Amino acid sequence: MPDHPIDDLFGDAPAALPLGAQAMLLRGFALAQAEALVQGVRQVALHAPWRRMQTPGGKAMSVAMTGCGPLSWVSDRQGYRYADRDPLTGLPWPAMPAAFARLARAAAQQAGFARFAPDACLVNRYEPGARMSLHQDRDERDLGAPIVSVSLGLPAVFLWGGATRGERALRVPLRHGDVVVWGGVDRLRFHGVLPVAPGEHPATGSFRINLTLRKAL
DNA sequence: TAGTACCG
DNA sequence: GGCA
């Protein structure tokens, strides 16, 4: 039996599910905007190409990334940071598509965070087998703003952990159009993504796309 | 340690 | 899944 009320979310569920005191899964929240969001991702990737970043330890991540907005998150042997230019091209990151910021603000408000104004969007592209190990989003200056994470295309299992790496992580299935918002006391929760299973989705083909919107400054 | 290897 |  589950030792958490939402330990198994593979079945049908309400449109909004609490993952913590200040963390919420908004099922299908981005569905109506999904086409515009995917088109925005294509536009961003034209100017800031997909690349697999290196961890500070020198290992390549399995997830291909790009970004948009005044700032975007980067990782290399030097460490994690936000940069105002794409290290690959030397150019400023592409502007954040209006649909991204609009969706993020609406999702944040729905989850109880008013006036969320993201200035950074990290775009993650998962091919089958790609994963993200348990980590914290802690490179933003102002940890008062929430994180808004939008799932598009292939489904994935989201790992929703605790304040320490050791705490058992909840397994949350995420599908096309789902949005997860976390902030406040849950802002530094560990989280990750299990390896994505092979498949095809009408919106994204053989990929899962994840938009992660933050206030970096 | 936003990763992988190896062990049970 | 847990450990280094």
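A, B, ... follow the sequence lines: proteins, then strands. Residue 1 opens every chain. A quick note: this is a predicted structure, and the numbers were derived from the prediction, not measured.
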Checklist entry - Is A:Arg105 positioned over the aromatic face of A:Phe116, cation under 6.0 angstrom from the ring centre and no more than 45 degrees off axis? => result no
Checklist entry - Can we say A:Arg214 and A:Asp139 salt-bridge, meaning some charged N sits less than 4.0 Å from an Asp/Glu carboxylate O? => result no
Checklist entry - Quick one: do the A:Arg208 and A:Ser151 side chains pair a donor with an acceptor below 3.5 Å? => result yes
Checklist entry - Between A:Trp182 and A:His191, is the ring centre distance below 6.0 Å? => result yes
Next on the checklist: B:dG3, OP1 or OP2 - any side-chain N/O from A:Ser133 closer than 4.0 Å?
Outcome noted: yes
Checklist entry - Is the closest basic N to carboxylate O distance between A:Lys215 and A:Asp119 below 4.0 Å? => result yes
Checklist entry - Would one find more than 12 heavy atoms of other residues, nucleotides or ligands at under 6.0 Å from atom CD of A:Gln109? => result no
Checklist entry - Are any of the side-chain nitrogens in A:Asp137 or A:Arg187 under 4.0 Å away from the carboxylate oxygens of its partner? => result no
Item to check | Sugar-phosphate, base or nothing in reach of A:Ser75, heavy atoms under 4.0 Å | outcome: nothing
Checklist outcome for this item: Between CG of A:Leu134 and P of B:dG3 the distance, given in whole Å, is 10 Å
Next on the checklist: Regarding A:Arg77, tell me which of base, sugar-phosphate or nothing describes its non-hydrogen contacts under 4.0 Å with the strands shown.
Outcome noted: nothing
Interface polar pairs with nucleotides 1-4 of chain C, N/O, under 3.5 angstrom:
from: C:dG1; atom 1: OP1; to: A:Arg171; atom 2: NH2; distance (Å): 2.1

Next on the checklist: Taking B:dA5 as the reference, what is the distance to B:dT1 when you measure between their P atoms (whole Å, please)?
Outcome noted: 15 Å
Next on the checklist: Ignoring hydrogens and geometry beyond distance, is a side-chain donor-acceptor pair present between A:Ser149 and A:Asn210 at under 3.5 Å?
Outcome noted: yes
Next on the checklist: So that I can compare with my own list, what are the stems of DNA chain B, taken as at least three consecutive Watson-Crick or G-U pairs with distances under 3.5 Å?
Outcome noted: none
Next on the checklist: By the 4.0 Å heavy-atom rule, please label A:Asp139 as base, sugar-phosphate, or nothing.
Outcome noted: base
